[in-house]
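Data first, discussion second: the structure below is written as structure tokens.
First listed ligand is number 1; within each ligand, the first listed atom is number 1. No experiment lies behind these values; they were computed from the predicted model shown.
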Amino acid sequence: MKALIVVDIQNDFLPGGTLAVPEGDQIIPIVNNLMDRFDLVVATQDWHPADHGSFASNHKGKTPGEQILLYGFDQILWPDHCIQNSAGAKFSKELKVSQIDKIFQKGTDILIDSYSGFFDNGKKKDTGLNEYLKANNVDVVFIVGLATDYCVKFTALDAAQLGYRTFVIQDATRAVNLREGDFEKSLKEMKSEGIGIFKSDEIL
Ligand code: VGL
Ligand code: ZN
């Protein structure tokens, strides 16, 4: 079974959002079309409490983009985003949400961030995504969404490490690009871990 994993297509990551990913909205029509081609569609949802440790606003004198050590892990500080039950945490209304079979929320623990849809950054807690895919006999995953250089990348790396044949559809992702070239750099990093990088017209 093949599954499509739709990563964090939420209002705060789209133009006008608090952590807007440039051109993030441009992937949505592609993702909607891809959904029809998969037996199973799952989505991840960044879902932070307001006092989350990844928010610069929760660290005195810090601004977004700075790096700190958060309970022993390197943490880039972000603007407040995807606060539980806020409008910014909602999936885009352009996204065909009715096609999503199951949603996995992440980033709920204030002490540790969670870029991957499978585990938190310390690999301590599991979201249940792996178990759900296994229960549905999924062995191949295609990953799309936001952002290429964070949540897409870490979800893909975990999927590959968990033994799934893993593919990323590059034009159905966009990067934050805090540093120029982060998009290309993350594709390279994923390729080097055996992850296949496709373009959507090779699949649609
Ligand atoms: C993400 C930064 C912070 C993402 C989530 O979805 O890529 N990036 N939280
Ligand atoms: Zn986040």
Side-chain angles (χ1 to χ4, degrees), residues 4-28 31 42-59 62-71 73-92 95 100 103-125 127 129 143-159 168-179 181-187 189-190 195:
L4 183 69
I5 304 179
V6 178
V7 175
D8 298 1
I9 304 190
Q10 295 166 256
N11 293 326
D12 274 339
F13 295 127
L14 295 167
T18 60
L19 179 36
V21 178
E23 300 181 352
D25 54 331
Q26 293 186 18
I27 70 171
I28 298 174
V31 173
V42 300
T44 66
Q45 187 174 32
D46 216 30
W47 194 247
H48 297 305
D51 55 351
H52 197 258
S54 74
F55 296 170
S57 65
N58 290 321
H59 302 274
K62 297 286 176 191
T63 51
E66 283 186 69
Q67 194 169 307
I68 62 158
L69 211 57
L70 184 65
Y71 297 94
F73 294 93
D74 285 330
Q75 176 69 50
I76 298 171
L77 294 175
W78 301 107
D80 293 11
H81 65 279
C82 299
I83 294 175
Q84 294 173 3
N85 302 304
S86 69
K90 286 206 171 81
F91 291 119
S92 164
L95 187 69
I100 299 170
I103 295 163
F104 294 87
Q105 295 176 330
K106 61 186 181 61
T108 57
D109 184 337
I110 62 163
L111 304 181
I112 190 152
D113 211 355
S114 190
Y115 293 146
S116 161
F118 289 96
F119 310 104
D120 63 67
N121 293 0
K123 295 241 166 124
K124 290 196 181 98
K125 264 189 244 156
T127 60
L129 174 56
I143 302 172
V144 297
L146 304 170
T148 327
D149 40 357
Y150 295 95
C151 292
V152 168
K153 180 179 88 173
F154 286 99
T155 300
L157 293 174
D158 279 348
V168 169
I169 305 169
Q170 68 168 91
D171 55 317
T173 77
R174 285 294 187 280
V176 178
N177 281 330
L178 271 187
R179 279 161 305 258
D182 277 355
F183 176 74
E184 291 75 15
K185 198 173 145 209
S186 40
L187 294 183
E189 197 178 332
M190 291 189 277
I195 294 161

side-chain contact (heavy atoms from CB on, under 4.5 Å) evaluation trace for V21 with Y150: CA-CA 11 Å; V21 178; Y150 295 95; over 6 Å; no
Is any NZ, NE, NH1 or NH2 atom of the basic residue among K185 and D149 found under 4.0 Å from an Asp or Glu carboxylate oxygen of the other? no
Please determine whether a side-chain nitrogen of the Lys or Arg among K106 and D120 lies less than 4.0 Å from a carboxylate oxygen of the Asp or Glu. no
For K124, give me all partners under salt bridge (charged side-chain N to carboxylate O under 4.0 Å, His left out), at least two apart in sequence or on another chain. none
Among all residues two or more places apart in sequence or in another chain, which pass the ring-ring contact (aromatic ring centres under 6.0 Å, His included) test with F91? none
Ignoring water, what protein N, O or S atoms are under 2.8 Å from the Zn ion (ligand 2)?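 Listed by chain and number, the atoms are D46 OD2, H48 NE2, H81 NE2.
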Return the orientation label for the F13 and H81 ring planes: parallel under 30°, perpendicular over 60°, tilted otherwise. tilted
Please tabulate protein-ligand N/O pairs under 3.5 Å for ligand 1, atom names and distances to 0.1 Å.
from, atom 1, to, atom 2, distance (Å)
ligand 1, 6 (O), D8, OD2, 2.7
ligand 1, 6 (O), L146, O, 3.3
ligand 1, 7 (O), A147, N, 3.0
ligand 1, 7 (O), C151, N, 3.1
ligand 1, 9 (N), D46, OD2, 3.1
ligand 1, 9 (N), H81, NE2, 3.1

Start with the C-alpha distance between L77 and H59, add both sets of side-chain angles, then the distance that settles side-chain contact (heavy atoms from CB on, under 4.5 Å), and finish with yes or no. CA-CA 9 Å; L77 294 175; H59 302 274; 3.6 Å; yes
Just by distance, do the side chain of N58 and the backbone of A50 share a donor-acceptor pair under 3.5 Å?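 Judged by distance alone, yes, a pair lies under 3.5 Å.
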Would N121 and D74 count as a side-chain contact (heavy atoms from CB on, under 4.5 Å) if you check the C-alpha gap in whole Å, the side-chain angles of each, and the deciding distance to 0.1 Å? CA-CA 9 Å; N121 293 0; D74 285 330; over 6 Å; no
